[in-house]
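For reference, the structure is listed below as structure tokens.
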Amino acid sequence: MVYQKREAVPRAATSCALPQLITRNAPLGSDNLLVLMYDGRQVPMPSAEKQGVSAWLKEAIAKYGMPSLIRFGRKDRAFVLRRDEFIGWFTPLLDKKEA
């Protein structure tokens, strides 16, 4: 039997709805969770708010800086993404001076 090495495809790139929420600036669903994780601090997005994800992320990044991790997904099955997995989605949200 011959085994082939599979290309490592980041799970975030294949199964995450966050980029679409950011692009559309859609509100976070009530059954979903988005938490920005910093060293010693976690900043959750209120799911009851009807603010768009993109607008909330801009405010949070301006206030706290770029997170090192994020937790996103259904509340009962959220997964954690490293900065290198989500930085491409967040870069367009940064001001020119921050980029």
| query | Where do Pro67 and Phe90 come nearest, in terms of heavy atoms and distance? | reply | CG-CE2, 4.1 Å
| query | Where is the tightest heavy-atom contact between Val53 and Pro27, given as atom of each residue plus distance? | reply | CG2-C, 4.3 Å
| said: Show me the pairs that pass side-chain hydrogen bond (donor to acceptor under 3.5 Å, both in side chains) and involve residues 55-78, at least two apart or across chains. | reply: Gln42-Arg71, Gln51-Glu59, Arg74-Asp76
| field | Exceeds 12 heavy-atom contacts within 6.0 angstrom, atom CG of Asp39 | value | no
Quick one: [atom1] on [X] to [atom2] on [Y], what's the gap to the nearest 0.5 Å?
| X | Y | atom1 | atom2 | result |
| --- | --- | --- | --- | --- |
| Phe79 | Glu85 | CZ | CD | 9.0 Å |
| Met37 | Leu81 | CE | CG | 10.0 Å |
| Leu36 | Ile70 | CG | CD1 | 7.0 Å |
| Leu33 | Met45 | CG | CE | 11.0 Å |
| Leu18 | Phe86 | CG | CZ | 9.5 Å |
| Leu21 | Leu34 | CG | CG | 8.5 Å |

| request: For the pair Arg83 (side chain) and Met66 (backbone), establish whether a donor and an acceptor sit closer than 3.5 Å, ignoring hydrogens and angles. | output: yes
| Less than 4.5 Å apart, any side-chain heavy atom of Leu93 and any of Ser54? | yes
